[in-house]
Amino acid sequence: MNLLGLVFVLLFAGLMAGFSFLHRKRTMPNLREIPSFSRLRNAIDLAVEDGSRLHLSLGHADITGAQSAAGLVGLSMLRRISLVAADSDQPPVVTAGDGTLALLAQDTLRNAHITLGSLSDYSNTMGRVAGVTPFSYAAGTISLIRDEGVSANLLIGSFGHEIALITTAGERSQVLSLAGTDTLTAQAVAYATAHEQLIGEELFAGGAYVGAGPMHTASLHAQDVIRWLLITAILLSALVQLVNSF
Amino acid sequence: MKINIKSPISVSVAMIAGGIVLLGYFFPMDSIPALNALYNAITTTAMLLAAVALLLGIFNLLSVHLGKVSEASNTAVYSLFLVGALLTTFGATLYYKPDGFFPSWLFEYVQIPIETSLMAVLTVSLISASMRVLNQRITIFSMLFLFSATGALLSIGPVFGFNLPIIGKLLDPVASGGARGILLGVALGTIATGLRILMGSDRPYGE
């Protein structure tokens, strides 16, 4: 029985619930400034004003796999973005490399249109599968960026090094590319090729920064506490090993 | 008053199914046969649903490109080619089975060469991007990034016949330490995302 793992998860969940309760009345969460999210807010406002289209790319992770969390963060952000941008002249378009992610994106966009009372403007082609292998997904996304009047690319999901093909297409079309992913390779590639990058856990903070709900902010605070606990544990174990080596 | 009964049901299903699968990581399921059967049923159903969703996704891809063909847009020729290739591959795989001669031939002599050529394009894109980093964003972090990338390249193979293992020895602790730090953040974010869904605060499965 993996008791330590269970305690870790329960502690994490307890901290999230605790912070959520403590900050339940706070309207403006106290978060550090991440420039990428400021540019994202500007890009959303600009897309609504000039009637251009936002493109959100959810990556190609299988929803049943370990890398699905990045795509789920993308869906949380899509929910907020679509509530702001869905009633513009060109509503957002979402691409995914996995059938389940595409269906969830369609459901999210449909709900946003229902909330805004514009269900007649909704189409299932707003959430689509661009390709089912990493490179076919990149190829399908490139043609969308080039042909469908996209003004900003948000790449929030699980990608590999093929992310460079998508961000380079954005660069050629002179549209903003913001990339956040969970793999080290894609983060390094995005650092060189995207206009804005989300490194490490910044991707998972996306929900809190776009106002997806108090639990997103609470989970950030819980992550901070757990991170410091882990740092302390790593330093202590290194110290013990050092002492033992003498 | 409009009551949304879909939401509590979907939240309950997600929380219970997620909770049981999570328990499977901490307790030996074999010792509790009823729970083990439930665990297997949930994971098998999830995989089946994912496969059906993939099929629906491919139909969605087909409908998007059929729409472009019917609109006779600028890219209709590409879409027509995609539809033709998709239907040919799909039909051939159904007829000959996935390990049959024709599907294997398509995979080996069409898909792999195309993806390899995209890999070659990727290499050029990355070289061009690294030049752009130098031209457009000279910050302490971009310099550090390029220094690390150059160091890693020099340490993985001989340079004009000379091996430079010292660079790898100097850079490895720093690079692997940084990578572990980033992965730790990603892992914590992943756990937080999973817990938000288990607690019912995030509902990617609709309202």
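A note on names: the letters A, B, ... follow the listed sequences, proteins ahead of strands, and every chain is numbered from 1.
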* To do: Could you check if a side-chain atom of A:M215 sits within less than 4.5 angstrom of a side-chain atom of B:D202, using non-hydrogen atoms only?
  => no
* To do: Identify which part of A:L184 has an atom lying under 4.5 Å from any heavy atom of chain B, answering side chain, backbone, both or neither.
  => side chain
* Taking A:Y191 for its side chain and B:S142 for its backbone only, find out whether a donor-acceptor pair lies under 3.5 Å. => yes
* **Point-to-point distance, once rounded to the nearest 0.5 Å, from CD1 of B:I182 to CD of A:Q187** => 5.5 Å
* Are any non-hydrogen side-chain atoms of B:L22 and A:V9 less than 4.5 angstrom apart? -> yes
* To do: With rounding to the nearest 0.5 Å, note down the distance linking CD1 in B:I114 to CZ in A:F135.
  => 12.5 Å
* Structure fact -> Minimal heavy-atom distance between A:A13 and B:L195, with the atoms involved, is N-CD1, 3.8 Å
* Are there more than 12 heavy atoms of other residues, nucleotides or ligands under 6.0 Å from atom CZ of A:F8? -> yes
* To do: Indicate yes or no: at least one non-hydrogen side-chain atom of A:L103 is less than 4.5 angstrom from one of B:L56.
  => yes
* Asked: Are any non-hydrogen side-chain atoms of B:F27 and A:L6 less than 4.5 angstrom apart?
  -> yes
* Structure fact -> Between the OG1 atom in A:T125 and the NZ atom in B:K68, the distance rounded to the nearest 0.5 Å is 9.5 Å
* Is chain B contacted by the side chain of A:L78, its backbone, both, or neither, given a heavy-atom distance below 4.5 Å? -> neither
* Asked: Heavy atoms, side chains only, cut-off 4.5 Å: are A:F204 and B:T193 in contact?
  -> yes
* To do: Begin with the C-alpha distance, continue with both residues' side-chain angles, and end with the deciding distance and a verdict on side chain to side chain contact (heavy atoms under 4.5 Å, CB included) for A:D147 and B:N74.
  => CA-CA 9 Å; A:D147 303 329; B:N74 294 337; over 6 Å; no
* Structure fact -> Looking only at heavy atoms, the pair that brings B:N60 and A:G127 closest together is ND2-O, 3.4 Å
* Around B:I140, counting heavy atoms of other residues, nucleotides and ligands shown, do more than 12 lie under 6.0 Å from its CD1? -> no
* Between B:G189, B:A50, B:A51, B:S31, which has the largest tally of heavy atom pairs under 4.5 Å with chain A? -> B:G189
* Asked: Mind checking whether A:L72 and B:I197 have side chains closer than 4.5 Å, heavy atoms only?
  -> yes
* To do: Select one option (side chain, backbone, both, neither) describing which atoms of B:L118 are under 4.5 Å from chain A's heavy atoms.
  => both
* Side chain / backbone / both / neither for A:D182 at chain B, heavy atoms under 4.5 Å -> both
* Structure fact -> Residue from B:A46, B:A53, B:G67 scoring the most non-hydrogen pairs under 4.5 Å with chain A is B:A53
* For A:A192 and B:F145, work out which heavy atoms get closest and say how close. => CB-CE2, 4.0 Å
* Structure fact -> Here the gap from A:I63 atom CD1 to B:L54 atom CG, rounded to the nearest 0.5 Å, amounts to 13.0 Å
* Side-chain heavy-atom pair B:L188, A:F12 within 4.5 angstrom cut-off -> yes
* **Non-hydrogen side-chain atoms of A:H161 and B:M119 separated by less than 4.5 Å** => yes
* Asked: B:F59 versus chain A, heavy atoms under 4.5 Å apart: side chain, backbone, both or neither?
  -> neither
* **Residue part contacting chain A, namely of B:L122, when any heavy atom lies under 4.5 Å** => both
* Could you tell me whether B:Y39 atom OH has more than 12 heavy atoms of other residues or ligands within 6.0 Å of it? => yes
* **chain B contact via A:E171 - side chain, backbone, both or neither, heavy atoms under 4.5 Å** => side chain
* Structure fact -> Ranking A:A102, A:A164, A:A205, A:A105 by heavy-atom pairs under 4.5 Å to chain B gives rank one to A:A164
* To do: With a 4.5 angstrom heavy-atom cut-off, could you sort out which part of A:T100 is near chain B: side chain, backbone, both or neither?
  => both
* Asked: Which bit of A:A188 is near chain B, if near means a heavy-atom gap under 4.5 Å: side chain, backbone, both or neither?
  -> both
* How long is the gap from CE on A:M16 to OG on B:S201, to the nearest 0.5 Å? -> 6.0 Å
* To do: Locate the shortest heavy-atom distance separating B:A192 from A:Q223; write the atom from each residue and the value.
  => CB-OE1, 3.7 Å
* To do: Mind checking the OG-CE spacing from A:S219 to B:M199? Nearest 0.5 Å is all I need.
  => 9.5 Å
* Which one of A:L101, A:T133, A:I234, A:L75 has the most heavy-atom pairs closer than 4.5 Å to chain B? -> A:T133
* By a 4.5 Å heavy-atom criterion (distance strictly below it), what part of A:A138 contacts chain B: side chain, backbone, both, or neither? -> neither
* Quick one: what part of B:T190 sits under 4.5 Å from any heavy atom of chain A, side chain, backbone, both or neither? -> both
